[in-house]
Amino acid sequence: MDLTELQLDALREMANIGSGNAATALASMLGRPVDLNVPSASALPLADAVEAVGDVTTEVTAVAIPVAGDLCATVLMTFKPSHAATLCGFLGVAGDPEMELSALQEIGNILGSAYINAMGTMCGLEMEPAPPMAAVDMLGAIVASVLATAANSSDLALLLDSSMIVEGAECEFGFLFVPDENGVSELLGRLGLWEQDAA
Amino acid sequence: MADRMARMAEIASSRTAGDVLVGLGLGSCIGLALTDDSDRAAALAHIVLPVSSEARSSDTASVAKFADIAVPALVNEMVRLGVPVSRVFATLVGGAQMFAMAGSMDIGARNEEAVRAALARQGVAVRAAVTGGSVGRTVRVYVGLGRVTYKEAGGQEIDMLPAAVAMRRAA
């Protein structure tokens with residue numbers, strides 16, 4: 001699965017549209033402005049892909065949303081625990097760890113849906129989010145486990161990586177979209193950027 | 001004396017006493033450590049998935065990615081470092097399910113099953129294992145000391161090997 005610059009550019013643009021829609025959803029939920037950095041799209045060997053997301057031993061709060069339908073993927077949000085607590089504070093659920101995780105899963109559900117809806121509309125793909133799951137653990141263990149489900153027959157993992165910042169607060173988080181290998185060709189195919197013989 | 005990383009789908013090995021083989025942040029992946037009774041050498045694989053059969057052969061450049069390929073490769077690595085297969089034994093760390101999801105396939109458990117089956121085919125015994133659950137772990141193998149440890153996020157480093165004296169007496 002070697003991707004050309006043109007293909008990566010197209011994927012980056014889709015990440016931009018998806019995460020833009022997700023950031024808008026978050027801003028209206030919180031009643032606060034939300035910034036978005038420029039998303040990156042990279043196809044990397046598994047080991048490098050894990051490290052590209054961050055320091056593997058850092059403890060993070062993570063929410064994963066499996067996506068099924070025309071395209072299989074996982075949306076993964078990663079927070080520093082203190083930033084997750086800030087976000088929960090905005091929603092009035094700070095303090096109770098179980099409530100916090102549940103609130104973060106709900107945010108994951110809303111943002112993940114906003115992301116895949118924007119992407120799906122653009123590409124004509126039907127996608128459904130499954131119920132979100134949360135974990136607090138080492139970043140490496142979480143990211144590697146998501147990549148394991150996505151990269152069965154390929155040694156390269158595709159990551160669409162963006163981060164969102166709630167303005168005026170210590171609240172920033174990573175937002176990853178990881179399509180499985182068939183998902184990558186499906187996405188690019190809808191954009192007319194996938195050659196069958198390249199598969 | 002150095003830390004040698006076995007990153008996702010990679011193998012690390014050494015016969016230099018003082019080296020430490022490290023597998024950071026194992027979730028559903030398995031850190032498979034091979035050591036020997038004379039503590040001459042050690043090898044560590046960071047295994048991602050159970051079987052290679054679904055993969056295209058041209059894409060399996062990462063030798064440690066699949067349990068069925070990684071285990072024989074890791075045993076060969078010990079032989080290359082001068083340890084006869086009969087003296088090699090295994091320690092397993094990882095195989096967790098980071099996100100508990102009803103009805104989904106538990107890759108961690110399948111990984112452990114595949115690693116154990118492949119070890120049995122090679123005639124390598126498992127001496128210690130800390131696997132399953134829903135926590136990430138880091139494995140460290142101290143070459144020359146026969147010491148293998150694991151550590152969970154925010155936790156202490158815990159010794160798995162050398163096995164307790166009581167266990168040797170029982171054997």
Side-chain angles (χ1 to χ4, degrees), chain A residues 1-2 43-66 68 72 74-78 81 101 105 108 129-157 180-182 199, chain B residues 5-12 22-31 46-67 93-108 110-111 133-139 151-155:
Chain A
M1 193 180 65
D2 286 325
L44 297 169
L46 293 174
D48 296 333
V50 176
E51 290 174 359
V53 179
D55 173 15
V56 293
T57 56
T58 309
E59 187 171 317
V60 294
T61 303
V63 176
I65 304 105
C72 291
T74 305
V75 171
L76 183 69
M77 295 162 64
T78 56
L101 280 187
Q105 284 172 281
M133 305 166 293
V136 181
D137 214 300
M138 283 180 269
L139 178 70
I142 286 168
V143 173
S145 301
V146 168
L147 293 182
T149 62
N152 190 0
S153 75
S154 170
D155 286 339
L156 291 180
D180 74 9
E181 48 208 319
N182 299 326
Chain B
M5 297 294 164
R7 303 185 307 159
M8 196 174 180
E10 291 179 350
I11 280 178
V22 187
L24 292 174
L26 301 161
S28 60
C29 296
I30 298 263
H46 188 144
I47 298 168
V48 182
L49 290 165
V51 281
S52 60
S53 60
E54 298 147 47
R56 290 165 288 180
S57 55
S58 61
D59 273 344
T60 52
S62 311
V63 73
K65 187 173 172 189
F66 297 101
V93 175
Q97 190 175 26
M98 299 308 295
F99 295 104
M101 183 165 56
S104 80
M105 61 177 183
D106 182 348
I107 292 183
R110 287 179 53 206
N111 278 341
S134 58
V135 292
R137 304 175 178 96
T138 286
V139 61
K151 185 174 177 297
E152 297 178 353

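Letters A, B, ... mirror the listed sequences (proteins, then strands); counts begin at 1.
Heavy atoms of V136(A) lying under 4.5 Å from chain B are absent altogether. Using a 4.5 Å cut-off between heavy atoms, T138(B) touches chain A through backbone and side chain atoms alike. Contact of T149(A) with chain B is made through backbone and side chain together, with heavy-atom distances under 4.5 Å. Residue contact with chain B, scored on non-hydrogen atoms closer than 4.5 Å, involves the backbone of A134(A) exclusively. Contacts of L26(B) with chain A are made by backbone atoms alone, with heavy-atom separations under 4.5 Å and no side-chain atom involved.
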Steps toward side chain to side chain contact (heavy atoms under 4.5 Å, CB included) verdict (L76(A), F99(B)): CA-CA 11 Å; L76(A) 183 69; F99(B) 295 104; 4.0 Å; yes

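With rounding to the nearest 0.5 angstrom, the CG atom of L24(B) is 11.5 Å from the CG atom of L139(A). Here the CG atom belonging to L46(A) is positioned 8.5 Å from the SG atom belonging to C29(B), to the nearest 0.5 angstrom.
Here the closest heavy-atom approach between residue D137(A) and residue S134(B) is recorded as OD2-O, 4.0 Å. Closest of all the heavy-atom pairs between M138(A) and R137(B) is CE-N, 3.4 Å. Annotation for E59(A) and G154(B): closest pair OE1-N, 4.3 Å, computed over non-hydrogen atoms.
Within the 4.5 Å cutoff, side-chain heavy atoms of D48(A) are placed close to those of R7(B).
When atom types are taken as modelled, the side chain of S145(A) and the backbone of M98(B) share no donor-acceptor pair closer than 3.5 angstrom.
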